[in-house]
Protein chains: 2
Amino acid sequence: MAHSLVENPVSELADLFRLLGDNTRLRIVLTCLDKPIAVNDIASKLDLSNSLVSHHLRLLKAARIVKADRHGKQVFYATADQHISDILTNMLEHIAEPHPEAD
Amino acid sequence: MAHSLVENPVSELADLFRLLGDNTRLRIVLTCLDKPIAVNDIASKLDLSNSLVSHHLRLLKAARIVKADRHGKQVFYATADQHISDILTNMLEHIAEPHPEAD
DNA sequence: ATAACATATGAACATCTATTCAATTGTTTA
DNA sequence: TAAACAATTGAATAGATGTTCATATGTTAT
């Protein structure tokens, strides 16, 4: 099991990590980092089924990692807020840095 | 399956997130943030079995999230490098910030 | 060597979860 | 209204994974 309304901060953090810890889901989040993008466009861009993308987006939205905006038939998803964008951006910068390989 | 020697950056990032995405494991990592601490001390501090802690530490070590240092009978674990410490510290700061609850 | 302590490891199990497929809901156009 | 398009949802399944228990390995004492 995974959530209560207001969990302790560590559980909250773990939940966030867990959701970002799946390859497919992380790619989806990164695809809608900043710029809103429709479900179908995410799917074709990442070569995934609409269904799978939608399932993942549901989880991401429930965790407030992304937000949804409907425009006609399409629903555009984007990272929920600056909070999330910052975390992702920081992470990408971190892994871009050369790792000091100590042995 | 989860790893190749040099994965693409996104997979690498997902791996990191996935390992931090378990509540117990995250608490273990946070316990040995900066200051090295022995397995048994982690276990008693978090009220977990030595076995469980050791299992988790093995995964964390394999992913270079923590490093091990033996002193006599005890093995002290600490976050592997500044890279990891920074990520964790940043995250803790992030979740400490008030969330703007938009609806 | 034996004993006591600390950690690690393997197997087994139960739970969780990512994915697929089929069916449904919502939206626009004809 | 129907048809076409976009997204969602539910059920089913296969694979991953956290935890426990028992056993093994390593280390320091006696």
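We name chains A, B, ... by the order of the sequence lines, and we start the count at 1 in each one. Atoms considered below: every heavy atom in the structure, side chains included; atoms not considered: hydrogens, waters and symmetry mates.
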What does A:Asn40 touch in the nucleic acid at a heavy-atom separation under 4.0 angstrom: a base, only the sugar-phosphate, or nothing? sugar-phosphate
Whole angstrom is fine here: how far is it from NZ in B:Lys67 over to P in C:dT7? 18 Å
Which residue, B:Lys73 or A:Asp41, contacts DNA chain D at a nucleotide closer to its 5' end, judged by nearest heavy atom? A:Asp41
Where the side chain of A:Ser49 is defined as all heavy atoms beyond and including C-beta, which of C:dT20, D:dT8, C:dT7 is the nearest nucleotide? C:dT20
Can you figure out which of C:dA18, C:dT28, D:dT20 approaches the side chain of B:Ser51 most closely? D:dT20
Can you measure A:Asp69 atom CG to C:dT27 atom C1' for me and round it to whole angstrom units? 16 Å
Whether the side chain of A:Arg25 engages the backbone of A:His56 through a donor-acceptor N/O pair (distance < 3.5 Å, no angle test) should be reported. no
d(CZ, B:Phe76; P, D:dT27) in whole Å: 15 Å
CZ of A:Arg70 versus C1' of C:dT27: gap in Å, rounded? 6 Å
Shortest non-hydrogen separation from A:Leu30 to A:Lys35 and the atoms involved: O-NZ, 4.4 Å
In whole Å, what is the span from the CD atom of B:Gln74 to the P atom of D:dT28? 11 Å
How do A:Leu59 and B:Ala38 order along DNA chain C: which one's closest nucleotide is nearer the 5' end? B:Ala38
For D:dT19, take OP1 and OP2 only and decide whether either is under 4.0 Å from a side-chain N or O of B:Thr24. yes
The nucleotide from D:dT8, D:dT19, C:dT20 with an atom nearest the side chain of B:Asp22 is D:dT19
Under 4.0 Å between a side-chain N/O of B:Arg18 and OP1 or OP2 of D:dT17, yes or no? yes
Are A:Tyr77 and D:dT8 close enough that a side-chain N or O sits under 4.0 Å from OP1 or OP2? yes
What's the CG-P distance between A:Leu20 and C:dA18, to the nearest Å? 12 Å
A:Leu19 CG to C:dT17 C1': how many Å, rounded? 11 Å
Hey, quick one: are A:Phe76 and A:Ile65 part of the same hydrophobic cluster, counting side-chain heavy atoms closer than 4.5 Å, chains of contacts allowed? no
A:His55 aromatic ring stacked with six-membered ring of D:dT8, 5.5 Å and 30°: no
Any side-chain N or O of A:Arg25 below 4.0 angstrom from OP1/OP2 of C:dA18? yes
Taken to the nearest whole Å, CG/B:Leu60 to P/C:dT9 is 14 Å
Got A:Leu88 and A:Leu26 here, is their nearest side-chain heavy-atom distance under 4.5 Å? yes
For A:Tyr77 against A:Ala68, the heavy-atom pair lying closest together: CE2-CB, 3.5 Å
A:Leu52 has a side chain; which of C:dT28, C:dT9, C:dT20 sits nearest to it? C:dT20
